[in-house]
Every structure is written in C-alpha cells, then in structure tokens.
Amino acid sequence: MQDREMRVRFAPSPTGPLHIGGARSALFNWLLAKHSGGKFILRVEDTDLERSSRESEEDIKESLCWLGLSWDEGIDVGGPHGPYRQTERLDIYREYTQKLLDSGQAYYCYCTDEELEDERQKLAAKGQMPRYMGHCRELTEEQKDEYEAQGRKATVRLRVPPNQDVLVDDLVRGKVVFDSNGIGDFVIVKSDGVPTYNYAVVIDDILMKVTHVVRGEEHLSNTPRQVLVYEAVGAPTPKFGHVSLILGKDRSKMSKRHGATSVEQYKKNGYLPSGLLNFLVLLGWSPSGEQEIFTLDELVKIFSLDHAAKNPAVFDVDKLNWINAQHIKKLNDEQMYELALPYLMEGGFLLEGKYERAWLVKVVATTRDHISCGAEIPQHVAVYFGDGCELENEEARAVLEEESADEVLRLFEDKVKKAEELTAESVQALLKSVVKDSGLPGKKVYMPIRVAISGQTHGPEMTLLVPLLGGEKILKRLAYAREKLKG
RNA sequence: GGCCCCAUGGUCAAGCGGCUAAGACGUCGCCCUCUCAAGGCGAAAUCAGGGGUUCGAUUCCCCUUGGGGCUACCA
C-alpha cells in the first residue's frame, strides 16, 4: 500500500491584494507539496459575490507569480478537478445539496435576518453561545408553501446532530474537541443559491482530493463545521494543520494600520521574493539548525510541519530588512541593476539620459552592501549624479573652511588633472600622495576632498566615489564648491 | 458573554523532567576606518503569576491573568 501523493491547496478569496498572512499560507503549502513531490492547487473562493472581484484575483495571482509560488493545478492552468473558481462550480454544489436535502441531513430555512438577529440577542443575553435553535427544522409542506407565498427566500441549513463531540485532529495543535451543541444548524447555501465558505470548501477539497489542509489559525474554530459536512456527505476528512497567526506590532491581527500588509507593497518597495519568503517562513516555523538565510530550494529540502509553532508571531520589519539585505548581498551586478531600475527612473536619475548603462551598473553595485530594499537605492546613488553639490549642512561647510582645505583641494585637483586613469588603486595612491605632499593627517585630506566633491561628510569610500565620478565631473564639482565658498 | 487556540529576552525563537536556558534581529560597547554603512568581536536582556505531580520543573496537570481567533445568508 503506497501513500497517496500529497495534495495541498491555497484557496484565497479575491477580496483584496495578497495579504502577508495569505502569502505565508501559500508558501507553507507550496513547500509541503514540493518537499513531498505532491501537487499544489490554487483555487479561488469567490462565493462572496459582494466583495470578490476579478481584479483582486489578478492581483493575487500576480503576487504569487512574483513570489515564485507556481501552482500545478488551478485557475488558468486547469487540471483534472476543475473548474477551480467556486462560482463556476455551482452545479456541483447543487448536486450535493440535493442529496443532503433528500436524506434529511439538510433542510430549508425561511427565517429572516431580523428573526435570526432577535434569536441571537436573546441567547447572548442568557449567556449562551448565539446559534441557530432550529426554528425551521421540522417545517411541514404547508408551512413551507406559506413562507414561499410570503415571498421568503430559503437558505439551506445542515442538520447538526446534538450532544456530539466533534474532533479535529490537527497536525500542529493535536486533538481539539468541540461540542456540537455549541454549533447549531448552520447555513450551507445562501438564499441566492450560492454555497457558504464552510460548505463549498469541503466539497471542493473532497473533489480535488486534497490530502492536507494547511491554513491560518483563524480557521480552527470553523473546522468542526467542516468536519460535520464531511460526515454528512460521507467523506473522510483530510489532515488539518492550523498555523499560528501573524500579528502586528501591537499584537493584534495584522491590518492596514500596521503598515504594509500586502505582498505587492513589498514588491513595490524593492524587496526580493526570496527575502520576503525567507522572512515569512521563519514566522511560525523554525529550522533545526542554526542557518537562517535560505534559498527557496533549500527550504523545499528541509521544510516540514513538525517544527511549526503554535504561538502567534509578531511581524518585525527590522528582521525582514536584515534578511532581505542578506539576499541582496548575493545579487550580481546585473541583478542589482534590474532591482534598481524602477527606482532610478522614479528618482529621475535616468531622465538626463547621458549616463551609460555600464556606468550605471557600477554605480548601483556600490549600494549592494548598504541597502535592505530597492527603494533605498536612490538615496545612496544620488551622490554620483550632477556637476555640483550643495553643502549638506554647517558641518560640511566648516570642513571646507578649514585653513588647510584650500591647499589640499589644489593638490588634489592638480593630481586628478595629471592622472591618466582613475581606478580604485590609482586613486588610493593619488590620495596617499596628497597626504604626503601636504604633510597633513589623513582625515584633514580626505574630508575636505569628500565634501568638495560630494557636499557631504559621509558617503561611499573615496576609492569608490572618485573613479566613478571621473576626472571631468570632479573638476566641475571642485570649481562649483570653490564658487560656493566665496559667496 | 460562550467556545477554541496560545503564553521562553523588545521581536523571531531552540528547548520536548536534570542545561551556566541555544541562535538570530534590534539595542549598547569595542575593533576596522577619511565618513556613513557593511563586516568582526563582545555585552545587557527571557521561562506571566499561583497551586499541584515529581527526588527534581521552562518542560507534565489545574487555576488565574494576559493575548488572539471563532461565534454571519464573510472567507
């Protein structure tokens, strides 16, 4: 007897961009599938007609693709158990609903929102769990006709057996028992004929032969309802795994006010898919060794639910920044350039059009060890652009106003003019000779030059800065700085 | 309110009855250095509280407290 292949899915509802929590669920499922050689399915749960949109669906797919989490079956790519969009599966659900109705495991309910709300209020007042008490459980044909005549639209409810323990055997939480009395007959088909989440999700998982349902902990309390549906249709339950939630800084569920919560925002800020994924996988899961920086391939090899954490994790941007920085350090020059391009354009650095690509590549490469995301590139490369620099502050001005500065700059200028080439090595030698000729301490030499050619008292190493600026630009900047000082 | 989950430094976390309670981010200090970073080294910092069980509890059980989730014709 061979184990069935592992089949997992990510089933977002397209009501907004891909949330960071959703991305982690997708990642866990994807890793599980890849690790075991199984299948990863993408299903769209769009039964909330009001809030679902194709636009969101596109956004989610785009984010998933950007992350590199491709799906083996699902929307767009198809598969043997489609369609993979729930609103296109209405006939399928109808079939199951009819069977449930025929067998008496489900029934029509004609209660109105007001009546239901009233019932909830009363139960809550008595300190009991608000739930449906079964008003329409035993309706006669006459009563149904009467309601129909009133123009009421019926929902379909599942008949939930009383006094029953509903067991959820969870891969990360162990056995969790719920009392069926606390659940009540819940709606499986809305009055417009569209199934509810707790119903559709089960039918689909059965039909799509899903073996492992891995999702956020917010679904744990809903799982007994789903188990009840499995039992009603006579299907075995898959294995469940409820992963802890991702919380905001204040320990409440991540939401807009916690800053960027969608994958596309991180993409926009120039985070790398590998960096974001690496950060996400460490939230609620830990590797056995001490390594923390992983490629996707490495994660595929070692990931399992065994080390999934039960406690919720706070999203820490500082750690994300560090992890992403580690991934950026591994980029080559071309990859760096690719990462930088949108920000160079945005920052207007390419408008001048007079910069060679090869030069730009070198400039961008200087930022590699200093940034944690692409959006930080402009502030680091600004110093390489333009023919003159404004003095950053009084401290910078003071450096140039020092007595020895003038002499240093003259020496430097002279040597730059005479230099045949400006490379890291030659600049190093050149600067050393300025130190020697002036007899000044290094700092008294480097600083005035730095400020004169960059306007700032901080920045890239001189052996990086000078060659990249080139003789022509340096001379212009020196002239500009002198001009400024006179004024 | 009811039900369910969770509880190790500021944050992510290892630990699975006996440890000086790992590691990482962040913080601080030192080194490197023309500067800012990066990098290297080092430091401070944790078992929520109370009961049990046990020769021995961070670890097992109960209670309290705290946090979170669910309680929809949302997913």
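Each chain gets a letter, A, B and so on, in the order its sequence line appears, and its residues count up from 1.
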### Task
Measure from the side chain of Ser286(A), starting at C-beta and using heavy atoms only, and say which of U35(B), A14(B), U11(B) lies closest.
A14(B)
### Message
Tell me every residue that passes salt bridge (Lys or Arg N to Asp or Glu O under 4.0 Å) with Arg410(A), counting only those two or more places apart in sequence or in another chain.
### Response
Asp406(A), Glu407(A)
### Query
Of all the choices, G67(B), C74(B), C34(B), which nucleotide is nearest to the side chain of Lys443(A) once you look at every atom?
C34(B)
### Message
Tell me whether Asp333(A) is salt-bridged to Arg368(A), with the criterion being a basic N under 4.0 Å from an acidic carboxylate O.
### Response
yes
### Message
At a heavy-atom distance below 4.0 Å, what parts of residues 367-380 of chain A sit against RNA chain B?
### Response
Asp369(A), His370(A)
### Query
With a non-hydrogen cut-off below 4.0 angstrom, is Glu461(A) in contact with a base, only sugar-phosphate, or nothing?
base
### Message
So is the aromatic ring of Trp322(A) stacked onto the base of C25(B), judging by whether the centres are under 5.5 Å apart and the planes are under 30° apart?
### Response
no
Tell me which donor-acceptor pairs under 3.5 Å the side chains of residues 456-466 of chain A have, and how far apart each pair is, sequence neighbours excluded?
| unit_1 | atom_1 | unit_2 | atom_2 | d |
| --- | --- | --- | --- | --- |
| His458(A) | NE2 | Glu392(A) | OE2 | 2.8 |
| Glu461(A) | OE1 | Thr463(A) | OG1 | 3.4 |

### Task
Identify the nucleotide, in any strand shown, that forms a Watson-Crick or G-U wobble pair with U11(B), with both distances under 3.5 Å; if there is none, say none.
A24(B)
### Query
Paired with G1(B) by Watson-Crick or G-U wobble geometry, both distances under 3.5 Å: which nucleotide is it?
U71(B)
## Note on the structure
Ile453(A) CD1 to U35(B) C1', in whole Å, measures 12 Å
### Query
Ignoring hydrogens and angles, does a donor from either the side chain of Asn198(A) or the base of A75(B) sit under 3.5 Å from an acceptor on the other?
no
### Message
I need the minimum non-hydrogen distance between Asp48(A) and Ser52(A), along with the two atoms involved.
### Response
O-OG, 2.8 Å
### Query
Watson-Crick or G-U wobble partner for C60(B), using a 3.5 Å limit on both distances?
G52(B)
### No-H, no-angle donor-acceptor pair, Arg450(A) side chain to C34(B) base, under 3.5 Å
yes
### Query
Crowded around Glu55(A) CD? As in, over 12 foreign heavy atoms under 6.0 Å?
no
### Neighbour count >12 (heavy atoms, 6.0 Å) for atom NZ, Lys330(A)
yes
### Query
Checking all strands, does Gly216(A) fall into the base, sugar-phosphate, or nothing category for heavy-atom contacts under 4.0 angstrom?
nothing
### Query
What about Lys310(A), does its side chain sit under 3.5 Å from the base of A7(B) through a donor-acceptor pair?
no
## Note on the structure
Assign each of Met447(A) and Lys329(A) the nucleotide of RNA chain B bearing its closest heavy atom; nearer the 5' end lies the nucleotide of Met447(A)
### Query
Using purine N1 to pyrimidine N3 plus N6-O4 or O6-N4 for Watson-Crick, or N1-O2 and O6-N3 for G-U wobble, both under 3.5 Å, which nucleotide pairs with C19(B)?
none
